[in-house]
There are 2 protein chains.
Amino acid sequence: MLDRLVRKLAHGAALSENDHACLSHIVRHARIVEPQQRLVDEGDANQRVLVMLEGWAYRSKLLASGERLITDLILPGDISHVLTNLLGYADHSVTTLTSGIMAEIHPAEIEVALECSLGLRRALRWSSLQTDSILRQALINNGRRLAATRIAHLICEVRARLHAVEVSVEESFAWPLTQDELGDVTAMTKVHVNRSLRVLRENGLILLQQRRMHVPDAGRLAAFCDFTPDYLHLGYNSAEVRRSEMRASTMEMQAAVRQRVD
Amino acid sequence: MLDRLVRKLAHGAALSENDHACLSHIVRHARIVEPQQRLVDEGDANQRVLVMLEGWAYRSKLLASGERLITDLILPGDISHVLTNLLGYADHSVTTLTSGIMAEIHPAEIEVALECSLGLRRALRWSSLQTDSILRQALINNGRRLAATRIAHLICEVRARLHAVEVSVEESFAWPLTQDELGDVTAMTKVHVNRSLRVLRENGLILLQQRRMHVPDAGRLAAFCDFTPDYLHLGYNSAEVRRSEMRASTMEMQAAVRQRVD
DNA sequence: GTAGCTCGCCAACATATGTGAGGGCCAAAT
DNA sequence: ATTTGGCCCTCACATATGTTGGCGAGCTAC
């Protein structure tokens, strides 16, 4: 059951047997969660740390006007609300998208585990840095790219993150977001999401049907939106290699797509 | 010289004398930096941690198209690139805006300091959570608000953050950003920044002159953009911290620490 | 069955923001 | 004295995205 979590953290630090034991101990009280279940409410004086063992969720914030934005997706293996026991209250809400398995950790247990395990300290610091990096990437995506590219980039990111915790994403994968929710992630209206999905579909880049995302050619999609997985800090030993490989293939792809678009 | 840094971290955790000593030790090699000096380059295999003791800087990312976005501002007392030694390379650039004083910390020293000081571990975790929170707020601002409001909100945030480290922001304060740079922060073009600043000026909300930001009525500006400083997690509740300190000193915890020492 | 709901889909129109160009001011360089 | 370059400012026009409203397919409740 810890599979996703362990695989995820392994990208950040080598975990010893002792580290694994600590990890198992703190997430031993996992429970089933329902889709569309509010786990944390903005403003809660809530001190729990959530670990998503299976399933999707998201963090969101509201404006006074009622407008909403989903700031980040929580995928299997992700830790939500990390170490939030140091803040007085939650600055965002957390809601599930699918049913799933979630562990809730009491702050005191987190403290103990961190004291016991160097590997865990490393892994959680890494996880926190990855979160930052993903947020920064979202900022530049939403701020500086056109709608279709923004969506394409999100799809590539989710694919890469799922792949990193060994969820199969070969030809297609589960995509629980409605178009409305997708708009809340990419900072646009559902109408424009619909328009942009059509563009992607008409270019043969994706097919979204019955909550499944089909990506016939992941390389072409990545080229279309200029996606490079560096910022996810996965497989960090081979980062150099993958980066140069990626650049080479990206150039080819871009040329191909440019031809097609003209 | 550590003034800003200490004041900032004090918002996150109570620091003992020992903690202060650790802090002084790791930032002892501070140096002067120039305006517009590139400190870290996207892609660098750089492992330093930067602490901005005085002056402003920013983190930015580039797209392949050459477009730029400033993902966050680094203000006096802020720690840049926290614990980045766990990542293989920098996922963003860091550039100074003003001259200032900066300390560069070697990863090994960070590790030692963190092992030595519980207060510092707390403070850095808090700082990291605050960074996340600021990034999420930026996402919803840039994604869901109109230009003038976005800019107004940024001004309110900077005011609050400067105030938190005891930089005077009474009637006016230094504002080193050009309109072009401001556009890179708020995800718009410099032309539109100019238009929006005019709106704010004509409404008597701000006056930006010679790189000084004048805010005649901070309350009115905050009301205009619906700014609430909660998400900055400043003004920390001392009762709350005392409570978590008590938790930290449970038997469990002491046992854990003893184990670690062996 | 039918009513009511959510969700995907689409079209016509409205508008916030981007683009490209240019003028004025001022300090630094020549 | 002149030039250069950065920055602020503005206009006219272009366009990406928002808004409103509508249609139909599927699902559930009754």
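Every chain is numbered from 1 and lettered A, B, ... according to where its sequence line falls, protein lines coming before strand lines. Being a predicted model, the structure only gives us computed values, none of them experimental.
Protein atom CG of A/Leu146 is 14 Å distant from nucleotide atom C1' of D/dA14, rounded to whole Å. Atom P of nucleotide D/dC9 and atom CD of B/Glu202 are separated by 11 Å, given to the nearest angstrom. Separating the CZ atom of A/Arg144 from the P atom of D/dT17 is a distance of 13 Å, rounded to the nearest angstrom. Rounded to whole Å, the distance from CH2 on B/Trp175 to P on D/dC7 is 16 Å. Atom pair B/Leu182:CG and D/dC7:C1' shows a separation of 14 Å (rounding to whole Å applied). Look at CE on B/Met188: it is 14 Å from P on C/dT19, rounded to the nearest Å. Rounded to whole Å, atom C1' of D/dA25 lies 14 Å from atom CD of A/Gln209.
Put simply, the side chain of B/Lys190 does not reach to within 4.5 Å of the side chain of B/Thr178, judged on heavy atoms.
Contacts of B/Asn194 classified as side chain to side chain donor-acceptor pair (under 3.5 Å), with partners at least two apart in sequence or in another chain: B/Gln179. Under the rule for a salt bridge (Lys or Arg N to Asp or Glu O under 4.0 Å), A/Asp132 has no partner lying at least two apart in sequence or in another chain. Under the salt bridge (Lys or Arg N to Asp or Glu O under 4.0 Å) criterion, A/Arg159 pairs with no residue at all, not counting sequence neighbours. B/Asp180 meets the salt bridge (Lys or Arg N to Asp or Glu O under 4.0 Å) test with no other residue; sequence neighbours excluded. In this view, B/Arg150 satisfies the salt bridge (Lys or Arg N to Asp or Glu O under 4.0 Å) rule with no residue, not counting sequence neighbours. For B/Ser65, the side chain to side chain contact (heavy atoms under 4.5 Å, CB included) test picks out B/Leu63, B/Glu67, with sequence neighbours left out. Among residues two or more places apart in sequence or in another chain, the side chain to side chain donor-acceptor pair (under 3.5 Å) test is passed with B/Thr71 by A/Arg136. Scored by the side chain to side chain contact (heavy atoms under 4.5 Å, CB included) test, B/Ser60 finds B/Tyr58, B/Arg68, B/Ile70, B/Ser93 as partners (sequence neighbours excluded).
Sorted by first and then second residue, the ring-ring contact (aromatic ring centres under 6.0 Å, His included) pairs with a member in residues 174-208 of chain A read A/Trp56-A/Trp175; sequence neighbours excluded.
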* Contact state string [nucleotides 4-15 of chain C, B base, S sugar-phosphate only, - no protein heavy atom under 4.0 Å] -> ---SSBBBB---
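Residues from residues 147-154 of chain A placing a heavy atom under 4.0 Å of any atom in DNA chain C do not occur.
Relative orientation of the A/His233 and B/Tyr89 rings is tilted, given thresholds of 30° and 60° on the angle between their planes.
Overall bending of the helix from C/dG1-D/dC30 to C/dT30-D/dA1, expressed as the angle between end axes built from five pairs apiece, is 30° (10° steps).
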